[in-house]
There are 4 protein chains.
Amino acid sequence: MAPTKKVGILGATGTVGQRFILLLADHPVFTIHALGASSRSAGKPYKDAVKWKQAKPIPANTENLTVMACVPEEFKECDVVFSGLDADVAGDIEMAFLKSNLVVFSNAKNYRRDPTVPLIVPTVNTSHFDIIPYQRTVYKQSKGFLITNANCSTTGLVVPLKALQDAFGPMTHILVHTQQAISGSGYPGVPSLDILDNIVPYISGEEEKMEWETSKILGGSDGQQFLPLTNTIVSATCTRVPVIDGHLESVSVKFANGCPSVEEIYKVLEEYTTEPQALGCHSAPQQAILVNKAADRPQPRLDRELDKGQAVTVGRVRPCPVLDIKFMLLVHNTVLGAAGSSVLNAEVAVAKGLI
Amino acid sequence: MAPTKKVGILGATGTVGQRFILLLADHPVFTIHALGASSRSAGKPYKDAVKWKQAKPIPANTENLTVMACVPEEFKECDVVFSGLDADVAGDIEMAFLKSNLVVFSNAKNYRRDPTVPLIVPTVNTSHFDIIPYQRTVYKQSKGFLITNANCSTTGLVVPLKALQDAFGPMTHILVHTQQAISGSGYPGVPSLDILDNIVPYISGEEEKMEWETSKILGGSDGQQFLPLTNTIVSATCTRVPVIDGHLESVSVKFANGCPSVEEIYKVLEEYTTEPQALGCHSAPQQAILVNKAADRPQPRLDRELDKGQAVTVGRVRPCPVLDIKFMLLVHNTVLGAAGSSVLNAEVAVAKGLI
Amino acid sequence: MAPTKKVGILGATGTVGQRFILLLADHPVFTIHALGASSRSAGKPYKDAVKWKQAKPIPANTENLTVMACVPEEFKECDVVFSGLDADVAGDIEMAFLKSNLVVFSNAKNYRRDPTVPLIVPTVNTSHFDIIPYQRTVYKQSKGFLITNANCSTTGLVVPLKALQDAFGPMTHILVHTQQAISGSGYPGVPSLDILDNIVPYISGEEEKMEWETSKILGGSDGQQFLPLTNTIVSATCTRVPVIDGHLESVSVKFANGCPSVEEIYKVLEEYTTEPQALGCHSAPQQAILVNKAADRPQPRLDRELDKGQAVTVGRVRPCPVLDIKFMLLVHNTVLGAAGSSVLNAEVAVAKGLI
Amino acid sequence: MAPTKKVGILGATGTVGQRFILLLADHPVFTIHALGASSRSAGKPYKDAVKWKQAKPIPANTENLTVMACVPEEFKECDVVFSGLDADVAGDIEMAFLKSNLVVFSNAKNYRRDPTVPLIVPTVNTSHFDIIPYQRTVYKQSKGFLITNANCSTTGLVVPLKALQDAFGPMTHILVHTQQAISGSGYPGVPSLDILDNIVPYISGEEEKMEWETSKILGGSDGQQFLPLTNTIVSATCTRVPVIDGHLESVSVKFANGCPSVEEIYKVLEEYTTEPQALGCHSAPQQAILVNKAADRPQPRLDRELDKGQAVTVGRVRPCPVLDIKFMLLVHNTVLGAAGSSVLNAEVAVAKGLI
């Protein structure tokens, strides 16, 4: 069956845009119809406009597409528009697309705090799609809407936390320390002189994002507004490490209603199922959470590509002397942590009949 | 003035042993008199027995010393014996040396829990030397004694914690996450296939060591026994990262008596002074704690060599939403975190008249 | 169609053995029947015997196979035996297997110089299979035989050289400098302290291997003996670099019959076809040589996985002021450079009716 | 004795400029008097203008100096001006300084080919200073002059080649392959995504520079013009590797007058002495060439800091089957390969009475 939905990609020459192109190269539902980038690239064949940095080559059906300017007229035939735009330009462009009645799935941070824009991690809170009808009334659109996905580190964090919250009730305290891969900062991104034989113990704005995004994503929605967690405190520390792909996170949590055992937690993580799986979405992982009980796992280089990069690997669950339980998780920051979330969110939206 | 104290080095061919040799190459008090290693090396000139892995060459006064077996008779002229032995052999050898009335400063973990053996970080708890007279009565020695220094990660942690404890009273909770350099596991140590483009989220035994050593070091001594902290809970997570030297640690703490401000904490850290400085010890850092308020410091490659590797650099002091305060620290794991502690401890012992 | 040939893997727990298992996981012709390793591993399920270091998990059909000792009786049902054994044990074991009338494809160096054992790079000299009937008479076997494949660096080198030799006649001088990945030395292999922020400018025995193996592989065979090149001088320099997979080689050559143009060379490389492709072998690359004319290619991380790791990427063809022409090539050292060569060689042998 | 010569540094905030500041921090002859950088930095205290990337902190006597614009008036009191300017601005600025009768030592490539400007590696061809009187007449200056130093890779190459040329006569062929550290491209320089787990086999313009600079430096001077080598062919291949500091080079050479033995070559390298040593210059290495006969040396991380980074380490001298002899060398690319050459050249000029 041929793909039936035409998609556009904004910021197609950037690192997130390149991931979109790989994820959509042989997609059963989506076919790449239009590519958008800066005016410097517009008018060129994609292969000439891009500094391609992926281990797989540019797909043959994309390399000769002409890059367009990021204006709605060029994308009006697109059923879905994926945005990998940088935050400094995403605000105006994405709003123009939304107001042109287009469907936008954005990786940028600009509208994540918007009270009618869902912040969706596809294996966590696809229930937040229920606000779309209301969003359309606010922005006066018949079929367009705007969905954001979360910061790459937040994305990894909320997947196991959602499983734990569903099973054991609310958490009062969450303390997380990240070791983030260089691909998270795009290209040219982190200078090699800063990160070879080194760690940079700071990523601008990242800790704040992790702290508030977690609350919105793990909270509810009543169809007209989001109901962020109010009794959960999050403390995040974020560092950059010399790893290509894959964010490793060390997490300690405290539960409001008493501490489950390590075995109970492993069982809940292993049995966690999600809506994209139930809907049979193409990019859904077989398991949203992969448990690895080896003493020294997860590891970025060994675990990041598992299940197409759409799963979160969790290991080292053990008691935390200070809070209740601690564990480590790994998320592929440019797949589930970025473009992969957008694509899976869009698949869910198609399955729900929103597109 | 020529050095007056003869020293021996056990485990002289290992990575800690190599650091001892560099630290003692031009020392004003200590002169290298004897080198000990395994029977495989004994009898060879040092330069032929060692796989030298330091950026500085083997000091000229050491390269032709004949390596000895690690038996007390070969070291009986030594005023001080430094041990860089691995734990699997350190137990028997160090005890034999102690029982031969020799003075031993050990990096090994074997006697750290011994109720009469001090576990001393030189810029933290040199007051624990007060147990030596009692130790001598227990082991029936007239001048010999045994001092251990702490695990490399613990060493970095307790320096700022001691400053905070002195100023603001006890801490109830300490949560620490480490990113540890490969040199911490010796040579050949970590296989490159395990750590290039990767992180290993586990170091065998390390988390337990950090949790109990902190309590012994930050606790008191009454001259006959140690009084570890009883109301302080420590939770440690330890990881290995692709960095040559320098352990980075992210720390959150909660105080029993209320939370000081960030400014108060910086002031206390900057003003912290220690006994080795007061005694004018050769290897004492100018400042036991170096404060760096830049947003992205400390960093291993830029800060590890400061103040001869004997200082701890602290930065990013800020409120912790979950506990009270969080900050980051960097310690040179093979200098202050290993051989440098031993040497400075020995200098203090000389200054105190114990040797 | 179900696989019809049963295969065994010797040295199955090593890094080459692990590659064999991945390459044979879903193979149309070969099915894994027996795994061999040291006596320490024998009797255990594979998943318990191995320290698995691959980014893909252990295939489900292999993880519970019981590891056997490397003795012919345990492999007598195998149509093909692949050997990833270390050189220190491969000699005796592989000879025992050959003398038990088994078919062995070996990665070890032990029999590469044997006058009746072919040294075959599958996209270069499958014509050397013509010596098998004679080898069988020498070793008095009816169906068993022994094939070796080349050192990983030699393998990359000879692919473009063969294309050039076929087109432009013999080369008088070949000068090659390698930058070799750490996976080439197995596990634990290169200590991380030796290679992080460093290069090791020496690999024991490697330069000699490149120099003589090239001559045997690029030479002929008359069905009873090999006819190595006699008028071609090879000079090799080999270094180890902090790269996971993929050997990069810089090559300068001088031709006996005058120097072709850069354009002619690119054309010959692009048009080079090989017997495994003609025979339709499953593991044959689509192109044995991938030409990349970008100024800064090939690069290990971007090009090593192309065409399943079975192609050699060549770029930067340009005049050499000292010899005639220089260029750079990249070979995946553990695929085409090791297990991938063996598997493809075996496929060719099946297609030729030798198995 | 207090320093007597005032120096200025152009491009003081760049990576070469930072090295100048460290090299001149406690210099017996030179004292830092003025710092120049772009208009963006001018007017600021140095510590606020610079992104300091060195492991040693900014020297106390420099951190509060006010950065100036790079115009001659601001530097008129300087006896010496060191330039670490980028090539895109160095041309006009350095010429303006020269024409203002200032003494300039430049790291930039702009005037290296100028027929009256020496290209001097201080441990190779300080004899080329003899053209200064003639240069002054050409540029009509009484005391100003302009000296350039060589590309970092050329610098390492010519030191042992000069020793060999002096001893064994001219070389007809030189083939060199480099593995260059990331610090060679400044800051931000090489993106980490390009070089982690990777090699970039191309550095723009570098191979050409090595080929012609070698000829000028190893050639003579008659006081009015340079006499580059005319019968020596150089072929260079340059690559970028994930190493912080230290360029490793693999060299093969052919001599016009027959091939000396390996022992003869080692002897010549070990006994090589240079003019900066004879003149007693402060920054001269104890030995211009350090021979290391270990099988696996030189290595960047272990050898780059030897002799203050001003020596070249040579090892692995052995016959080259294609040319005569091959060997490996290591040069510290930002010390002897850049700022260290300039400083030592200036010391020689002072000793010769030119300043």
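Order of the sequence lines fixes the chain letters, A, B, ..., with proteins taken first and strands second; residue numbering starts at 1 for each chain.
Checked by atom type and distance alone, the side chain of R316(A) pairs as donor or acceptor with a backbone atom of P201(B) at under 3.5 Å. Counting only distance, with no hydrogens or angles, the side chain of N198(A) and the backbone of R301(B) share a donor-acceptor pair below 3.5 Å.
Comparing H173(B), H177(B), R297(B) by heavy-atom pairs within less than 4.5 Å of chain A, the highest count is held by H177(B). Note: I244(A) leads I244(A), L302(A), I182(A), D245(A) in heavy-atom pairs under 4.5 Å with chain B.
The side-chain heavy atoms of R318(A) and E207(B), taken from C-beta on, include a pair separated by under 4.5 Å. With a 4.5 Å cut-off on side-chain heavy atoms, T237(B) and M328(A) count as touching.
Surrounding NZ of K109(A) are at most 12 heavy atoms belonging to other residues, nucleotides or ligands under 6.0 Å away. Environment of CG in D88(A): crowded, with over 12 heavy atoms of neighbouring residues, nucleotides or ligands closer than 6.0 Å.
Heavy-atom distances place no part of I195(B) under 4.5 Å from chain A, backbone and side chain included. Contacts of V322(B) with chain A are made by both backbone and side-chain atoms, with heavy-atom separations under 4.5 Å. Neither the backbone nor the side chain of T172(B) comes within contact range of chain A; no heavy atoms are under 4.5 Å apart. Only the side chain of L323(A) comes within contact range of chain B, with at least one heavy atom under 4.5 Å from a heavy atom of that chain. Using a 4.5 Å cut-off between heavy atoms, I203(A) does not touch chain B at all. Proximity to chain B (any heavy atom under 4.5 Å) is shown, for A181(A), by neither the backbone nor the side chain. Interface residue S252(B): only side-chain heavy atoms are found under 4.5 Å from chain A.
In plain terms, the two heavy atoms of I199(B) and Q299(A) that are nearest each other are O-CG, 3.4 Å. Across all non-hydrogen atoms, the minimal contact from C320(B) to L175(A) is SG-CD1, 4.1 Å. The two atoms that bring V200(B) and D296(A) nearest to each other are CG1-CB, 4.2 Å, heavy atoms only. S235(B) and K326(A) make their closest contact through OG-NZ, 2.8 Å (heavy atoms, listed as atom of the first residue, atom of the second, distance).
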